[in-house]
Amino acid sequence: MDAGFSATSTKPLSTDKAVEFLKTYPAEGDVIESEAEGPAVIDIALGMQRIRANEVGAIEALNILLKTLQEDIPMLQKAERNNDIKSAREVLHKIRGGLYYSGTPRLEKAFSTLHDEVKRTPELSKIDYLFSLAYDEVKLFEHELKKVNGVDKK
């Protein structure tokens with residue numbers, strides 16, 4: 001709970017799902033410092049490299065990404081509620097495209113996994129835990145971006 005874990009899973013919990021949860025929500029005191037230990041929430045250097053910009057440009061791209069996510073997530077939630085796989089795939093495709101041009105490895109991983117599973121499943125409720133993980137990653141990204149922007153010094 002201290003790490004912000006709020007995801008759910010259907011029973012039985014598979015080893016793969018458990019490992020994914022543990023990677024996404026490290027225990028208190030665990031610090032993710034390198035890609036070997038797990039992806040970063042925000043990687044400014046990666047963002048700079050991908051958009052060939054300086055730090056200010058990379059941070060601006062992250063702020064644009066957040067605004068876009070705030071517009072797209074309600075559409076994705078609606079598609080999830082309605083089991084509208086076609087709409088979910090379209091929104092996820094758009095989100096993934098935007099994520100590529102940012103330095104957000106955890107968001108990329110969460111939405112890539114979700115997109116891949118949406119392509120395979122006939123029932124979105126069967127992968128609700130992946131939706132929850134993706135939404136939680138957006139919240140974490142928003143929190144970390146506040147720190148980058150100097151809004152939240154915690």
Side-chain angles (χ1 to χ4, degrees), residues 1-44 46-47 50 58 61-149 151-152 154:
M1 295 300 285
D2 291 339
F5 188 91
S6 62
T8 58
S9 177
T10 55
K11 292 187 209 174
L13 178 63
S14 71
T15 303
D16 290 342
K17 286 180 192 173
V19 169
E20 184 65 30
F21 287 156
L22 293 172
K23 286 180 182 176
T24 302
Y25 299 99
E28 185 174 352
D30 288 354
V31 177
I32 297 175
E33 294 180 9
S34 72
E35 189 65 31
E37 293 174 300
V41 175
I42 295 175
D43 184 336
I44 300 290
L46 178 61
R50 287 187 171 174
L62 292 169
N63 284 296
I64 291 168
L65 173 64
L66 177 60
K67 183 178 183 214
T68 302
L69 287 169
Q70 290 170 337
E71 295 167 358
D72 291 341
I73 294 301
M75 291 186 291
L76 184 59
Q77 290 170 325
K78 180 180 178 184
E80 178 189 8
R81 278 191 310 272
N82 296 331
N83 196 45
D84 185 347
I85 295 170
K86 181 178 184 272
S87 293
R89 288 177 69 180
E90 289 171 359
V91 174
L92 287 166
H93 181 76
K94 179 182 181 228
I95 290 172
R96 284 186 68 194
L99 289 173
Y100 179 78
Y101 294 101
S102 66
T104 55
R106 284 176 61 133
L107 276 174
E108 283 183 65
K109 183 176 181 183
F111 279 94
S112 177
T113 301
L114 178 58
H115 189 238
D116 291 346
E117 289 301 315
V118 166
K119 289 179 185 177
R120 288 189 268 260
T121 187
E123 181 65 42
L124 296 180
S125 65
K126 292 184 186 286
I127 57 168
D128 61 342
Y129 66 97
L130 291 174
F131 281 96
S132 292
L133 285 173
Y135 301 148
D136 288 346
E137 286 300 325
V138 172
K139 290 176 193 170
L140 183 59
F141 165 65
E142 186 172 7
H143 177 74
E144 292 299 312
L145 186 57
K146 285 180 183 177
K147 292 180 188 176
V148 169
N149 288 325
V151 175
D152 183 9
K154 289 182 183 178

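From a predicted model like this one, the values you see are computed outputs, not experimental measurements.
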If I take atom NE2 from residue His115 and atom CD from residue Glu108, how far apart are they, to the nearest 0.5 angstrom?
14.0 Å
Atom of Glu80, atom of Leu124 and distance for their closest heavy-atom approach
CA-CD1, 3.8 Å
State, to 0.1 Å, how close Pro39 and Lys109 come at their nearest heavy-atom pair, and which atoms those are.
CG-CD, 4.3 Å
Do you know which two heavy atoms are closest between Ala61 and Tyr101, and how far apart they sit?
CB-O, 4.5 Å
Check whether any side-chain heavy atom of Thr104 lies under 4.5 Å from a side-chain heavy atom of Phe111, and answer yes or no.
no
Between atom CG of Asp128 and atom CZ of Arg81, what is the distance when rounded to the nearest 0.5 Å?
14.0 Å
Are Leu66 and Gln70 side-chain neighbours, meaning at least one heavy-atom pair lies under 4.5 Å?
yes
Sort out for me which residue in Val41, Asn63, Ile42 forms a side-chain contact (heavy atoms from CB on, under 4.5 Å) with Val148.
Ile42
Could you walk me through whether Leu130 and Val118 pass the side-chain contact (heavy atoms from CB on, under 4.5 Å) test, one step at a time?
CA-CA 10 Å; Leu130 291 174; Val118 166; over 6 Å; no
Heavy-atom distance under 4.5 Å between the side chains of Leu107 and Leu69, does that happen here?
yes
If I compare all heavy atoms of Ile127 with all of Leu114, which pair ends up nearest, and what's the gap?
CD1-CD1, 4.1 Å
What is the minimum heavy-atom distance between Gly47 and Ala58, and which atoms define it?
C-CB, 4.0 Å
Rounded at 0.5 Å granularity, tell me how far NZ in Lys67 sits from CD in Glu71.
5.5 Å
Between Arg89 and Ile85, is any pair of side-chain heavy atoms under 4.5 Å apart?
yes
Taking 4.0 angstrom as the limit, do Glu117 and Arg120 come out as a salt bridge?
yes
Main-chain N/O of Leu99 paired to Ser102 side chain as donor or acceptor, under 3.5 Å
yes
Measure the OH-CG distance between Tyr135 and Leu76 for me, rounded to the nearest 0.5 Å.
4.0 Å
I'd like to know if Lys94 and Glu90 make a salt bridge, using a cut-off of under 4.0 Å between side-chain N and carboxylate O.
no
Which atom of Pro122 lies closest to which atom of Asn83, heavy atoms considered
O-ND2, 3.4 Å
If only atom types and distance count, is the side chain of Arg50 paired as donor or acceptor with the main-chain N or O of Gly103 below 3.5 Å?
no
Given side chains that start at C-beta, do those of Asp136 and Leu140 come closer than 4.5 Å, heavy atoms only?
no
Could you go step by step and tell me if Ile95 and Ile73 meet the side-chain contact (heavy atoms from CB on, under 4.5 Å) rule?
CA-CA 9 Å; Ile95 290 172; Ile73 294 301; 4.2 Å; yes
